[in-house]
Amino acid sequence: ELTFDIFNHTLLDNGEIVKLRTKEIDFLLLLLKNKNRYITYSEIERYVWFDSSMSKDALKTLVKNIKTKIPKELILNLSGTGYKIDL
């Protein structure tokens with residue numbers, strides 16, 4: 001069972017804490033707070049990379065890393081638009 005504690009910013013898999021990097025937490029929070037729509041690349045850049053610019057490779061790497069920690073089918077990509085979490 002996979003749960004994300006929004007208040008403590010922790011991901012739990014069967015009660016065990018899954019280690020996440022800061023940008024992974026920020027990305028998941030953004031998706032969860034907007035779970036009914038696709039988040040655009042520019043929104044992701046503003047929220048997750050607020051202090052720097054985001055490259056497409058950096059975003060792809062971030063998503064790839066998260067998909068190793070949660071079921072990969074939970075994060076959907078709409079090419080040219082952005083990402084959405086499928087809950």
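Just so it is clear, the structure is predicted and the values come from calculations on it, not from any experiment.
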Single-linkage hydrophobic cluster, 4.5 Å side-chain cutoff, L2 and L87 together: yes

With hydrophobic residues grouped by side-chain heavy-atom distances under 4.5 Å, do Y38 and L32 end up in a single group? no

Should L20 and F50 be counted in the same cluster of Ile, Leu, Val, Met, Phe, Trp and Tyr side chains packed under 4.5 Å apart? no

Within a reach of under 6.0 Å around CD1 of I6, are more than 12 heavy atoms found that belong to other residues, nucleotides or ligands? yes

More than 12 heavy atoms of other groups within 6.0 Å of E16 CD: no

Does W49 belong to the same Ile/Leu/Val/Met/Phe/Trp/Tyr cluster as L29, with side-chain heavy atoms less than 4.5 Å apart forming each link? yes

List the atom of L11, the atom of K69, and the distance in Å for their closest heavy-atom pair. CD2-O, 4.2 Å

Taking all atoms of both residues into account, what is the closest heavy-atom pair of E24 and N65, and its distance? OE2-CB, 3.4 Å

Side-chain contact, heavy-atom cut-off 4.5 Å: I39 with R37? yes

Would a distance-only check, ignoring hydrogens and angles, find a side-chain to backbone donor-acceptor pair under 3.5 Å from N77 to G82? yes

E45 and M54: which non-hydrogen atoms are nearest, and at how many Å? OE2-N, 2.9 Å

E43 and N34, any side-chain heavy atoms less than 4.5 Å apart: no

What is the distance from atom NE2 of H9 to atom OG1 of T22, rounded to the nearest 0.5 Å? 11.0 Å

Any non-hydrogen side-chain atom of V48 less than 4.5 Å from a side-chain atom of L59? no

State plainly whether one hydrophobic cluster holds both I70 and V18, where clusters connect Ile, Leu, Val, Met, Phe, Trp and Tyr through side-chain heavy atoms under 4.5 angstrom apart. yes

Euclidean distance, F4 CZ relative to L12 CG, rounded to 0.5 Å: 9.5 Å

Going through the distances and angles, do F27 and I75 end up as a side chain to side chain contact (heavy atoms under 4.5 Å, CB included)? CA-CA 11 Å; F27 183 69; I75 297 180; 4.1 Å; yes

Would you compute the distance between atom CG of L62 and atom NZ of K64 and round it to the nearest 0.5 angstrom? 11.5 Å

Measure the spacing between CD1 of I25 and CD1 of I66 and express it to the nearest 0.5 Å. 9.5 Å

Does K35 NZ have over 12 foreign heavy atoms under 6.0 Å away? no

Gap separating the CG atom of L78 from the OH atom of Y83, nearest 0.5 angstrom: 10.5 Å

With rounding to the nearest 0.5 angstrom, report the OG1 to CD1 distance, T10 to I17. 5.5 Å

